[in-house]
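Quick caveat: nothing in here was measured; it's all calculated off a predicted structure.
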Amino acid sequence: SEPVDGNIILVLGNVTVNRRVDGHVITVFGDSEIDAEVTGQVVSLFGNVLLKDRAEITGDVITIGSLNKSESAVIRGQEVRIFGESMNLDLGALSYLRLLILVLFTLAVLIIGFLMLLISRAKYNRISRNIEKNIGRKFILGILSFIGATSLLAILLLTLIAPLFYTILLIIAEVPACMYIGRLILRTFSQKNSIYAEFITGLASVTLVKLLIFFMTPQQSIFAGLIVVGLLNICIYSLGMGILMEQHYLKNNSPEMKK
């Protein structure tokens, strides 16, 4: 059969590869079953990878999940297993995985964020007008919400649906947080800016900071970089959750929100 010329990327689904793939095989919240040659990387985020007898991977196999392979399967690159059986971390491959997750997550925030702003424009206009008020209270509410959501994830980690809902929650929370950051940046130039401009400016700024940390962190200090980005993410998600919590639960306390 003819080889697949290019990458195979699937979200929320399983992939079965029975013919040569001249590219990468990437699954997010899905399983990969490979019984052919793959000239690139095999990456599975929150899924399982099964390498059968004819599997031959030229690049690395990176999984957040489990990796099972037959004795005749060949991996010419590195095996990196995170949160799965026989955890094995390679720093070079881990850097590649970090960058891949950052790019995918940023694209998800961009697409979902724009859809949210288009569908609920009036709601986010209200959020934008009041976004700088009681920021300390919003941050505290957000931290409590983040701790609660993360604790629930830890309890339900073995189920597939829990990580999916948690990821969606983080994406939704990052939208108002990016609006707040973008508003702070843009008000230096103009006091009146659209919610779209605030969102894009904030998202671009947050992504730029993460990329700077990624590229400026020495390879031997990769875990220090992970900690810094993790703390930055916690602050962003907490801020976003707090903004949404106040909008939903405390709007009756604000005269402007009643209008």
Side-chain angles (χ1 to χ4, degrees), residues 101-102 105-156 162-213 226-259:
I101 293 175
L102 174 60
F105 192 83
T106 301
L107 287 175
V109 173
L110 179 63
I111 295 171
I112 295 177
F114 255 109
L115 289 175
M116 290 169 58
L117 296 181
L118 287 171
I119 295 172
S120 305
R121 183 175 180 180
K123 171 185 174 181
Y124 282 94
N125 275 324
R126 289 195 302 269
I127 289 176
S128 178
R129 288 195 300 268
N130 296 277
I131 203 166
E132 295 182 61
K133 298 179 180 179
N134 303 316
I135 197 65
R137 182 174 68 182
K138 292 173 181 174
F139 190 68
I140 293 173
L141 281 172
I143 290 177
L144 295 175
S145 302
F146 180 81
I147 292 173
T150 305
S151 300
L152 184 61
L153 171 70
I155 296 173
L156 303 175
L164 175 60
F165 275 117
Y166 186 75
T167 303
I168 294 174
L169 175 62
L170 297 184
I171 291 173
I172 293 173
E174 187 160 344
V175 174
C178 288
M179 288 173 57
Y180 174 74
I181 295 170
R183 186 180 183 88
L184 293 181
I185 295 172
L186 289 176
R187 74 176 181 183
T188 306
F189 309 98
S190 173
Q191 293 296 322
K192 293 184 179 180
N193 300 285
S194 70
I195 55 176
Y196 305 103
E198 292 174 354
F199 170 62
I200 291 296
T201 302
L203 180 60
S205 302
V206 168
T207 304
L208 179 60
V209 170
K210 292 179 182 178
L211 287 174
L212 286 174
I213 296 173
L226 285 172
I227 292 173
V228 172
V229 173
L231 292 174
L232 175 62
N233 284 331
I234 289 173
C235 292
I236 292 171
Y237 302 144
S238 296
L239 177 61
M241 288 182 187
I243 293 171
L244 293 174
M245 286 281 289
E246 185 176 75
Q247 167 69 19
H248 184 70
Y249 293 107
L250 304 179
K251 60 182 178 180
N252 293 330
N253 296 332
S254 174
E256 291 187 7
M257 290 185 180
K258 290 181 180 179
K259 295 179 181 180

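For Ser128 (side chain) and Tyr124 (main-chain N/O), no donor-acceptor pair under 3.5 Å exists by modelled atom type. A donor-acceptor pair is defined here as one N or O able to donate and one able to accept, closer than 3.5 Å; no such pair exists between the side chain of Ser238 and the backbone of Cys235. Without hydrogens or angle criteria, Lys210 side chain to Leu232 main chain gives no donor-acceptor distance under 3.5 Å.
Each of Leu170, Ile172, Ile236 was scored for a side chain to side chain contact (heavy atoms under 4.5 Å, CB included) with Met241, with one residue passing: Leu170.
Below 30°, between 30° and 60°, or above 60°: for Phe114 and Tyr196 the angle between ring planes is below 30°, a parallel geometry.
Of all heavy-atom pairs between Tyr237 and Ala173, the closest is O-CB, 3.8 Å.
Note that CG of Leu107 is 9.5 Å distant from CG of Leu102, once rounded to the nearest 0.5 Å. One distance of note links CG of Leu110 with CD1 of Ile171; it measures 11.0 Å at 0.5 Å rounding. Rounding to the nearest 0.5 angstrom, the gap separating the CZ atom in Arg137 from the CD atom in Glu246 is 4.0 Å. Note that the CD1 atom of Ile200 and the CG atom of Asn193 stand 13.0 Å from one another [nearest 0.5 Å]. Atom SG of residue Cys178 and atom CD1 of residue Ile185 lie 9.5 Å apart, to the nearest 0.5 angstrom. To the nearest 0.5 Å, the span separating NZ on Lys192 from CG on Leu186 amounts to 15.0 Å.
Put simply, the side chain of Thr150 reaches to within 4.5 Å of the side chain of Tyr166, judged on heavy atoms.
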